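This report concerns only the one structure given below.
Predicted model only: the values in this text are computed from it and were never measured.
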Amino acid sequence: MLNKYNRIEAADYAIKYALEPNKKYKYLSVINEDGGDCTNFVSQCLNSGGAPMDYNIIRPWWYDIKQNKGSVCWTVAHSLYWYLKVNQRINRNVIKGLEVEDIAKLEIGDLIFYENHHNTIFHAAIITSFIETSGSREPRISQHTYDQLNETYKKDYDYKKMHFLKIII
């Protein structure tokens, strides 16, 4: 059961482990230009911010430190994106993500997902700070694959669209 999401704790975790991954978790490497640790890292941040693991049968979100493995929703960007969105749509009492179009509505601890030209979410990152540019606030993200701390959210990846998810309870 989720009581509250602590955005600062989630962001602090991201800042601490963005460049030096937490050794308690398996680091998921890129294999044949596929996969990576981005979603595993974002899930760790959400969990550090107070999101409890979810062991439901249909769509679980968990990580087992002893076995060094996580559920699909914990480790795969497309799955985490839909996990958060479906939780919001059906109002489950777990961590949820409300998609917003306006970046001005985002806060530290919210997420950005990147969609490729095949309509698949392939990357996830967490907002860890903001900077003021030309009178507006621009989010800065921290991520794995490739490990970055407080970088621009406008990535060099070949993506079609960004999805902004406001994390809510």
Decide if atom NZ of K26 counts as having more than 12 heavy atoms of other residues, nucleotides or ligands within a radius under 6.0 Å. no

Within a reach of under 6.0 Å around NE2 of H118, are more than 12 heavy atoms found that belong to other residues, nucleotides or ligands? no

For F113 together with H123, are the ring centres under 6.0 Å from each other? no

Tell me whether Y55 is reachable from I65 by hopping between hydrophobic residues (I, L, V, M, F, W, Y) whose side-chain heavy atoms are closer than 4.5 Å. yes

Just verifying a value: how many Å separate N91 CG and N87 CG, rounded to the nearest 0.5 Å? 9.5 Å

Do S142 side-chain atoms and T128 backbone N/O form a donor-acceptor pair below 3.5 Å? no

Do V76 and L165 sit in the same hydrophobic cluster, where Ile, Leu, Val, Met, Phe, Trp and Tyr count as joined when their side-chain heavy atoms come under 4.5 Å apart? no

Approximate separation, where rounding is to 0.5 Å, of R59 CZ and S71 OG: 11.0 Å

Do K154 and E138 touch side chain to side chain, with heavy atoms closer than 4.5 Å? yes

Which other residues end up in the same hydrophobic cluster as I15, if Ile, Leu, Val, Met, Phe, Trp and Tyr are linked when side-chain heavy atoms come under 4.5 Å apart? L19, L149

Output yes when E115 and K160 qualify as a salt bridge under the 4.0 Å nitrogen-oxygen rule, no when they do not. yes

I want to check something: taking the side chain as every heavy atom from C-beta on, are Y5 and I95 in contact at a cut-off of under 4.5 Å? yes

Are the side chain of D110 and the backbone N or O of I167 linked by a donor-acceptor pair below 3.5 Å? yes

Polar side-chain atom of K105 near backbone of E101 as donor-acceptor pair, under 3.5 Å: no

To the nearest 0.5 angstrom, please state how far the CE atom of M53 sits from the CG atom of D64. 8.5 Å

Answer yes if W62 and V72 sit in the same cluster of Ile, Leu, Val, Met, Phe, Trp and Tyr residues linked by side chain heavy atoms under 4.5 Å apart, and no otherwise. no

Might you point out which heavy atoms bring I141 and A125 nearest each other, and give the distance in Å? CD1-CB, 3.6 Å

Kindly state whether the ring of Y63 and the ring of Y25 have centres lying under 6.0 angstrom apart. yes

Hey, does the side chain of E9 reach the backbone of D12 with a donor-acceptor pair shorter than 3.5 angstrom? no

Taking the side chain as C-beta and beyond, is there a heavy-atom pair between I103 and P139 under 4.5 Å? yes

Locate the shortest heavy-atom distance separating T145 from C38; write the atom from each residue and the value. OG1-N, 3.4 Å

Is R137 salt-bridged to E132, going by a charged N under 4.0 Å from an acidic O? no

Could you go through the side-chain hydrogen bond (donor to acceptor under 3.5 Å, both in side chains) check for D54 and Y83 one step at a time? CA-CA 11 Å; D54 181 3; Y83 170 82; 2.8 Å; yes

Between OG on residue S29 and CG on residue D37, distance to nearest 0.5 Å: 8.0 Å

Considering all heavy atoms, the nearest C45-I126 contact: CB-CD1, 3.6 Å

Pairing donors with acceptors under 3.5 angstrom, does anything connect the side chains of Y13 and N22? yes

Pairwise distance NZ(K69) to CG(N40) - rounded to 0.5 angstrom: 14.0 Å

Under the side-chain contact (heavy atoms from CB on, under 4.5 Å) test against V42, which residue among T75, I112, L111 passes? L111

Please name the pair of heavy atoms, one in C73 and one in P60, separated by the smallest distance, quoted to 0.1 Å. CB-O, 3.2 Å

Compare all side-chain heavy atoms of L46 with those of W61 and state whether any distance is below 4.5 angstrom. yes

Would you sort out whether Y27 and H144 count as a ring-ring contact (aromatic ring centres under 6.0 Å, His included), showing the intermediate values? CA-CA 9 Å; Y27 188 89; H144 281 181; 5.4 Å; yes

Contacts of F164 meeting ring pair (Phe, Tyr, Trp, His ring centres under 6.0 Å) (sequence neighbours excluded), chain-then-number -> none

Just do the side-chain hydrogen bond (donor to acceptor under 3.5 Å, both in side chains) check on N150 and R140 with the steps written out, would you? CA-CA 5 Å; N150 286 322; R140 291 293 193 220; over 6 Å; no

Taking the side chain from S43 and the backbone from T39, do they hold a donor-acceptor pair closer than 3.5 Å? yes

Taking E99 first and then K166, would you say they form a salt bridge - that is, a charged N and a carboxylate O separated by under 4.0 Å? no

Just jot down the ring pair (Phe, Tyr, Trp, His ring centres under 6.0 Å) partners of Y153, sequence neighbours excluded, or say none. none

Group every Ile, Leu, Val, Met, Phe, Trp and Tyr by side-chain heavy-atom contacts under 4.5 Å, then state whether V100 and I127 land in the same group. yes

OG on S79 to CH2 on W74, rounded to 0.5 Å: 14.0 Å

Chi angles and distances behind the side chain to side chain contact (heavy atoms under 4.5 Å, CB included) call for R92, N56: CA-CA 11 Å; R92 288 190 66 226; N56 80 78; 3.3 Å; yes

Looking only at heavy atoms, what is the nearest atom pair of D147 and A18, with distance? CB-O, 3.3 Å

Which is it for N116 and F122 under the side chain to side chain contact (heavy atoms under 4.5 Å, CB included) test, yes or no, and what are the steps along the way? CA-CA 7 Å; N116 67 21; F122 71 95; 3.7 Å; yes

